[in-house]
There are 2 protein chains.
Amino acid sequence: MSRQTRLPVKSAAAKPSPLAAMPTGDWLLLDNQMCFALYSASLTMTKVYKPLLQKFGLTYPQYLVMLVLWEHDARSVSELGERLFLDSGTLTPLLKRLEALDFITRTRDAADERRVIVALTAAGRRLQKQSLTVPQHVSCATECSLPELKALTRQLGDLRAALLRSTSSTG
Amino acid sequence: MSRQTRLPVKSAAAKPSPLAAMPTGDWLLLDNQMCFALYSASLTMTKVYKPLLQKFGLTYPQYLVMLVLWEHDARSVSELGERLFLDSGTLTPLLKRLEALDFITRTRDAADERRVIVALTAAGRRLQKQSLTVPQHVSCATECSLPELKALTRQLGDLRAALLRSTSSTG
DNA sequence: CATAATTACATTGTACACAATCTAATTGAC
DNA sequence: GTCAATTAGATTGTGTACAATGTAATTATG
């Protein structure tokens, strides 16, 4: 067989990398890497939240759990995990801290003793109104307009979906 | 004085939040929040890297340190930190692991005994060529074109810069 | 040149994040 | 109904992140 053979090899002759249009020597440059921009922007973002959430005693991941519960109270741990893309190893200790703060309760589901139902306390519900200033402050800190924020949100959602496909499938 | 007074009040009458154009009740919805899209995309991204870097025994933050050193060998801990937006509390243990893997050396600077110079070993340099497949694979996983990747990289870099301004200054 | 201030890094403590594993409860196959 | 397979959470171990603090070396000031 010649070197030009293109039989459907294992993970496909498929698409060439989008990087093919760039010199190979530039592939490993930090500032060319979208992933590093993503990673460092995400870390910086949590630093912006920190002082805002500290007033309530919350961390950013804890605040995310509260957001989910404010949308729909009383959800199981796995439902929270699906919504937030986090697993029980992360959520279990986090939820125990939220419980210790008296913002949520954790109760075994009587109908299915494997499940743990996470529900808001009165204090947890009260927190919703008080935390309206948080997205307000953070959105200002982004120095983005609302259309820009919406566009970025969609792009990052699409990116997450694409990356999830590559982890769950053949890769 | 009339209600129109615009004396420079504490943290300014300043700009209204970009969210002002959105119903208040939507501010706390998870899927409206760019920050959650950012956070979850970043976590998903590191999951894509994991199997690719595991071949070399590296984690994603460790890989970032290698990227910096491949661009410019022999840098101090604080230089690495400035480049990666990480502090010594994160880098010190991470660098010790890279040293244990024999990819870097850590040496006190003779000219300034406070500084620790991080430099590549031969194995660390060899890793550069071997890791060219990593950005190739990840860029495919994003399902983005090169112009899309470049645009996202710039947007996220701008976002990080804006967020950094809000943490360092008056906030 | 003595000492106060600063700088560079390390350490400690808290909180994620997640793979791997474990346990208990439920469901399925027969 | 019994036992295997599955499911839901919890636990364990490793590795970030980062605030706060500690220590040693360097620089600045008088």
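A, B, ... follow the sequence lines: proteins, then strands. Residue 1 opens every chain. Not measured: the values here are computed from a predicted model.
- Each side chain to side chain donor-acceptor pair (under 3.5 Å) pair with one or both residues in residues 151-162 of chain A, not counting sequence neighbours, appears once here: Arg154(A)-Asp158(A), Gln155(A)-Gln155(B), Arg160(A)-Ser40(B).
- For Gln62(B) and dT16(D), the shortest distance from a side-chain N or O to OP1 or OP2 is below 4.0 Å.
- dC16(C) atom P lies 10 Å from atom CG of Leu86(A), rounded to whole Å.
- Lys47(B) has a side-chain polar atom (N or O) that falls below the 4.0 Å cut-off from OP1 or OP2 of dC18(C).
- Under 4.0 angstrom from either OP1 or OP2 of dT7(D) there lies no side-chain N or O belonging to Arg115(A).
- Summarising the geometry, the separation between CZ on Arg108(A) and P on dA8(D) is reported as 12 Å, rounded to the nearest angstrom.
- Summarising the geometry, the separation between CD on Glu82(A) and P on dC18(C) is reported as 15 Å, rounded to the nearest angstrom.
- Between Lys55(B) and Gln130(B), the closest side-chain pair of non-hydrogen atoms is not below 4.5 Å.
- Taking the nucleotide of DNA chain D with the nearest heavy atom to each of Glu113(B) and Leu94(B), the more 5' of the two is matched to Leu94(B).
- At the phosphate of dT11(D), OP1 or OP2 sits under 4.0 Å from a side-chain N or O atom of Lys96(A).
- The side-chain hydrogen bond (donor to acceptor under 3.5 Å, both in side chains) search around Thr142(B) returns none, not counting sequence neighbours.
- Across the protein-nucleic acid pair, Leu64(A) atom CG and dA15(C) atom C1' stand 14 Å apart, rounded to whole Å.
- Proximity of Ser78(B) to the phosphate of dC9(C): a side-chain N or O atom is located under 4.0 Å from OP1 or OP2.
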